[in-house]
Colleague: 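My questions all concern the structure below.
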Amino acid sequence: MPDGVVWRGDAILFDMDGTVVDSTVAVDRQWRRWAARHGLDAEPLVAVAHGRRTLDTLRDMAPHLASAEEAERFDAEEASDNEGVVEVPGARVLLSSLPAERWALVTSANRALALARMGAIPLPLPRVVVSADDVRRGKPDPEGYLLAARRLEIAASRCLVFEDTPAGVAAGLAAGMAVLGIGRGSPPDLPGAMLVLPDLRSLSAVRGSPGIELRLIDGRTG
């Protein structure tokens, strides 16, 4: 590809937390609050909760409390607390440059929480939002990304996934999609990601005929 072009295809699928929205403070606060309420050590919960459905974290870390009702209560409380939720640098510019029918949000949050987080900043919303409410299996299962591609009516092989966790990267790869990592780490921290960037400020999207060309603004690839 020409210098600076990192991907060409038809649609970009974004994880939410840690990728376009930085909700680390709010997520950690909610899990610590919940752990204190139940007399549990919060640290193991905080360590694994990011990028996963609440119910999946409960099943793995506190199976005696894992129920759909408990997860719903947790998510409702979390949706009401957006203090400290901020944009991942560059998210608004990049998302605003994409045609609404050429990108989707694929998040482990439920729909109410996703809309609350995106609206708190606010950030643009695409036509397709796949949340924890829409899937039977959370990341690293590819179900959410495959569902988003179907709803966009675009082949999975023509989609690019943006992710910030190993589970999310694994989900995108299992769906047969290219994956670009977002975070402060390096490629070994997100195995399989074709590139890892600290945020979205160095990226621009150019509309093609009919697809999208993603470029590094300064031409560097890491």
Side-chain angles (χ1 to χ4, degrees), residues 14-89 91-92 105-123 125 129-141 143-145 161-172 181-186 188-191 196 198-200:
F14 293 87
D15 171 57
M16 184 182 68
D17 286 315
T19 304
V20 297
V21 171
D22 184 353
S23 58
T24 304
V25 172
V27 171
D28 288 0
R29 183 169 56 241
Q30 172 63 7
W31 278 107
R32 293 182 190 283
R33 187 163 48 207
W34 184 86
R37 187 180 303 147
H38 293 282
L40 300 174
D41 181 3
E43 297 308 320
L45 292 163
V46 170
V48 302
H50 291 275
R52 307 179 71 209
R53 296 188 304 173
T54 299
L55 185 55
D56 291 338
T57 299
L58 292 177
R59 284 171 174 165
D60 288 349
M61 306 302 295
H64 61 296
L65 296 170
S67 68
E69 294 75 19
E70 185 65 23
E72 288 173 7
R73 284 192 293 269
F74 184 103
D75 290 341
E77 185 175 342
E78 190 174 11
S80 68
D81 178 9
N82 287 303
E83 183 179 352
V85 174
V86 296
E87 167 194 7
V88 169
R92 182 181 287 105
L105 201 64
V106 182
T107 175
S108 296
N110 68 19
R111 188 175 183 86
L113 178 56
L115 296 182
R117 290 245 171 96
M118 296 290 283
I121 294 174
L123 290 175
L125 279 172
V129 176
V130 175
S131 71
D133 303 319
D134 300 307
V135 299
R136 293 173 295 170
R137 298 173 298 276
K139 301 170 187 178
D141 192 278
E143 182 182 356
Y145 282 117
V161 166
F162 276 61
E163 270 287 356
D164 72 312
T165 67
V169 172
I182 299 297
R184 294 293 174 181
S186 58
D189 298 316
L190 295 174
V196 178
D199 54 46
L200 303 172

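Throughout, numbering of the chain's residues begins at 1 and tracks the sequence.
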Colleague: For the side chain of D134 and the backbone of S131, is there at least one donor-acceptor N/O pair under 3.5 Å apart?
Modeller: yes
Colleague: For A26, which residues count as a side-chain contact (heavy atoms from CB on, under 4.5 Å) partner, sequence neighbours excluded?
Modeller: R29, V85, R117
Colleague: As a test of understanding, state which of L105, V106, D164, V88 forms a side chain to side chain contact (heavy atoms under 4.5 Å, CB included) with T19.
Modeller: D164
Colleague: Heavy atoms only: give me the nearest A91-V20 pair and the separation to one decimal.
Modeller: CB-O, 3.5 Å
Colleague: Tell me the closest heavy-atom pair linking A109 and M16, and the distance in Å.
Modeller: CB-CE, 4.0 Å
Colleague: Would you please name every residue forming a side chain to side chain donor-acceptor pair (under 3.5 Å) with R111, sequence neighbours left out?
Modeller: none
Colleague: Can you measure from CG (D17) to OG1 (T165) and round to the nearest 0.5 angstrom?
Modeller: 10.0 Å
Colleague: Quick check: closest heavy atoms across S108 and A132, and the distance to 0.1 Å?
Modeller: O-CB, 3.3 Å
Colleague: Can you name the residues that form a side chain to side chain donor-acceptor pair (under 3.5 Å) with Q30, not counting sequence neighbours?
Modeller: R33
Colleague: How would you list, by chain and number, every residue that makes a ring pair (Phe, Tyr, Trp, His ring centres under 6.0 Å) with Y145, sequence neighbours excluded?
Modeller: none
Colleague: Distance-only, no hydrogens or angles: does the E87 side chain make a donor-acceptor pair with backbone N or O of L123 under 3.5 Å?
Modeller: no
Colleague: List the residues meeting side-chain contact (heavy atoms from CB on, under 4.5 Å) with S80, not counting sequence neighbours, and say none if there are none.
Modeller: none
Colleague: Which residues pass the salt bridge (Lys or Arg N to Asp or Glu O under 4.0 Å) test with D28, not counting sequence neighbours?
Modeller: none
Colleague: By side chain to side chain donor-acceptor pair (under 3.5 Å), which residues pair with T107, not counting sequence neighbours?
Modeller: none
Colleague: With sequence neighbours excluded, what pairs up with E83 under the side chain to side chain donor-acceptor pair (under 3.5 Å) test?
Modeller: none
Colleague: What is the minimum heavy-atom distance between L45 and D41, and which atoms define it?
Modeller: CD1-O, 3.9 Å
Colleague: Below 4.5 Å, heavy atoms only, C-beta onward: do V129 and M118 meet side chain to side chain?
Modeller: no
Colleague: State, to 0.1 Å, how close G119 and P122 come at their nearest heavy-atom pair, and which atoms those are.
Modeller: O-CB, 3.4 Å
Colleague: Please set out all donor-acceptor pairs under 3.5 angstrom arising from side-chain atoms of residues 57-65, sequence neighbours excluded.
Modeller:
residue	atom	partner	partner atom	Å
T57	OG1	R53	O	3.4
D60	OD2	R52	NH1	3.4
D60	OD2	R52	NH2	2.4

Colleague: Mind listing the closest non-hydrogen atom pair of L200 and I182 along with its distance?
Modeller: CD2-CD1, 3.5 Å
Colleague: Got V196 and D189 here, is their nearest side-chain heavy-atom distance under 4.5 Å?
Modeller: no
Colleague: Counting C-beta onward and ignoring hydrogens, is there a side-chain heavy-atom pair between T54 and W31 closer than 4.5 Å?
Modeller: yes
Colleague: Restricting to salt bridge (Lys or Arg N to Asp or Glu O under 4.0 Å), what partner residues turn up for R73, sequence neighbours left out?
Modeller: E70
Colleague: What residues form a side-chain contact (heavy atoms from CB on, under 4.5 Å) with P166, not counting sequence neighbours?
Modeller: L190
Colleague: Which label fits F74 and W34: parallel for a plane angle under 30°, tilted from 30 to 60°, or perpendicular past 60°?
Modeller: perpendicular
